[in-house]
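Letters A, B, ... are given to chains in the order of the sequence lines, protein chains preceding strands, and every chain is numbered from 1.
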2 protein chains.
Amino acid sequence: MVNQQKDTEGKILDAAKDVFQQKGMTGARMQEIADKAGINKALLHYYYRTKEKLFEKVFEIAFSIFIPRMQEIMLSEKPVFEKIEFFIESYMDLLTKHPYIPGFVINELNRNPQILVNIFEKNIHIKENKLFEKFDAQIQAEVKKGIIKPIDTRNLMTNVIGLIVFPIVARPIIQGIMFDNDKKQYDAFLKQRKDFVKEFIINSIKPVNA
Amino acid sequence: MVNQQKDTEGKILDAAKDVFQQKGMTGARMQEIADKAGINKALLHYYYRTKEKLFEKVFEIAFSIFIPRMQEIMLSEKPVFEKIEFFIESYMDLLTKHPYIPGFVINELNRNPQILVNIFEKNIHIKENKLFEKFDAQIQAEVKKGIIKPIDTRNLMTNVIGLIVFPIVARPIIQGIMFDNDKKQYDAFLKQRKDFVKEFIINSIKPVNA
DNA sequence: CCTAATTTTGACCAGATGGTTAAACTAAAT
DNA sequence: ATTTAGTTTAACCATCTGGTCAAAATTAGG
């Protein structure tokens with residue numbers, strides 16, 4: 001076969017993603033990844049020399065899933081209101097498909113914040129875009145025009161992202177305390193929350209006289 | 001000495017708290033805990049037979065730090081607005097003193113949601129209080145009186161807690177991307193955020209004609 | 001003091017874990 | 001068919017890890 005190779009590499013990454021995201025770097029076992037990929041443990045080290053390197057790859061892929069959409073939305077020409085609504089809609093959908101990634105990323109970054117520096121060094125373009133500066137400029141421009149209330153961009157972004165991500169990473173505790181551990185009910189809650197968060201955010205930055 | 005015992009047990013718990021909260025259950029090493037406590041590793045197993053049991057104790061203590069204050073505030077006689085403001089003030093201060101706990105709790109619960117069930121079984125009173133039901137009743141009562149906008153209690157609580165907790169658990173990523181990894185700047189951000197979040201929440205539930 | 005109970009230690013163990021190696025297998029090129 | 005390069009495997013290794021145990025040290029009571 002021409003590409004048994006790529007197939008194996010793909011199976012490894014799939015398995016590694018599952019195991020790392022569920023158990024974390026320290027909890028993951030190379031043997032379990034090998035088993036899940038249906039290969040020999042030695043083959044893992046043939047493709048990715050160390051656990052560390054395999055982990056970095058998985059982390060980078062997980063992290064990169066959330067970057068392009070963010071750039072696309074934030075650098076587009078839409079007004080802030082539309083951007084925020086679209087951002088919430090888009091990322092809440094994305095998180096439904098990848099619910100383990102935020103907790104994984106947050107946890108591993110708390111364990112070793114250096115990971116982020118490494119990613120920035122490898123993918124310079126992420127920082128070069130000056131994503132934040134450009135978005136901040138747009139916000140303050142719209143504030144000046146009276147389209148939105150005066151607001152600190154960092155606080156606003158923290159709020160938007162937090163309201164999206166928190167119910168996902170804290171799912172076990174919220175579902176356990178407020179929803180009697182009913183999975184279906186919590187899924188419904190998350191679905192319904194999309195419009196709630198949109199309104200919540202928009203209300204909070206809409207000028208009083210609008 | 002009368003109580004070398006309690007002293008040792010305390011030193012163990014202190015050390016275990018540090019190590020578990022920083023490295024998680026799977027990343028923590030009994031040897032490191034022993035070293036940090038200044039004792040022999042065998043002594044750990046003398047006081048807490050297994051790693052699992054020691055971990056459970058540490059988790060329970062960490063978890064319980066956030067319960068009493070929550071109960072006190074939510075079951076008090078104040079109106080909702082005051083409760084929320086006081087809640088935000090109080091918990092943001094608490095998190096400044098215990099910044100590692102939320103990430104620790106969230107991470108371990110994602111790894112093994114069963115932990116929460118065990119805690120509820122041990123500490124029945126937490127669930128018996130019907131904390132949520134009582135608070136929900138108050139909210140809906142004030143909604144009826146027109147003091148606050150119609151709002152879903154679960155969504156509101158998720159928002160309040162999320163806005164408080166998220167900047168703490170996601171600190172490495174937010175500080176890295178939006179604050180150029182400047183620790184002091186981020187501390188200032190968190191301090192300033194208290195009033196911001198209060199306003200943000202209050203604005204969003206204040207009736208339009210108020 | 002002497003004794004019994006409790007606390008602390010050093011040495012040790014079995015199993016797990018990340019990683020290595022040499023050999024076997026596969027497929028395409030000559 | 002033979003060579004060559006890449007792929008896969010089984011067996012193996014050194015180290016780490018949670019946990020045990022018997023003996024030593026300390027403490028409290030009579």
Whole angstrom is fine here: how far is it from CG in A/L44 over to P in C/dT20?
13 Å
Rounding to 0.5 Å, atoms OH (B/Y186) and CD (B/Q175) come to a distance of 7.0 Å
Protein proximity profile, nucleotides 12-17 of chain C - base contact B, sugar-phosphate-only contact S, no contact -, cut-off 4.0 Å on heavy atoms
-----S
Between atom CG in B/N40 and atom C1' in D/dT20, what is the gap in whole Å?
12 Å
Provide, to the nearest angstrom, the distance between the NZ atom belonging to B/K11 and the C1' atom belonging to C/dT7.
12 Å
Could you list the residues that satisfy salt bridge (charged side-chain N to carboxylate O under 4.0 Å, His left out) with B/E32, not counting sequence neighbours?
B/K23
Out of D/dT20, D/dT9, C/dG19, minimum distance to the side chain of B/A42 belongs to D/dT20
Whole angstrom is fine here: how far is it from OH in A/Y47 over to C1' in D/dT9?
13 Å
Should A/D136 and A/K130 count as an ion pair when the cut-off is N to O under 4.0 Å?
no
Distance in angstrom units between A/F55 CZ and C/dG18 P, rounded:
14 Å
Verify side-chain contact (heavy atoms from CB on, under 4.5 Å) between B/L163 and B/R193, making sure each step is shown before the conclusion.
CA-CA 10 Å; B/L163 291 179; B/R193 226 182 110 78; 3.8 Å; yes
Please determine if a side-chain N or O atom of B/T8 lies less than 4.0 Å away from the OP1 or OP2 oxygen of C/dT8.
yes
Nearest listed nucleotide, side chain of B/L43, among D/dT8, C/dT8, C/dG18
C/dT8
Test: B/K191 and B/D187 ion pair at under 4.0 Å
no
With a 4.0 Å cut-off, would you call B/E108 and B/R111 a salt bridge?
yes
Between CD of B/E32 and C1' of D/dG18 the distance, given in whole Å, is 15 Å
Can you see which heavy atom on B/I173 is nearest to which on A/L116, and at what distance?
CA-CD2, 3.9 Å
Using only side-chain N and O atoms of B/Y46, determine if any of them is under 4.0 Å from OP1 or OP2 of C/dT7.
yes
Whole-Å gap separating P (C/dG10) and NE2 (B/H45):
16 Å
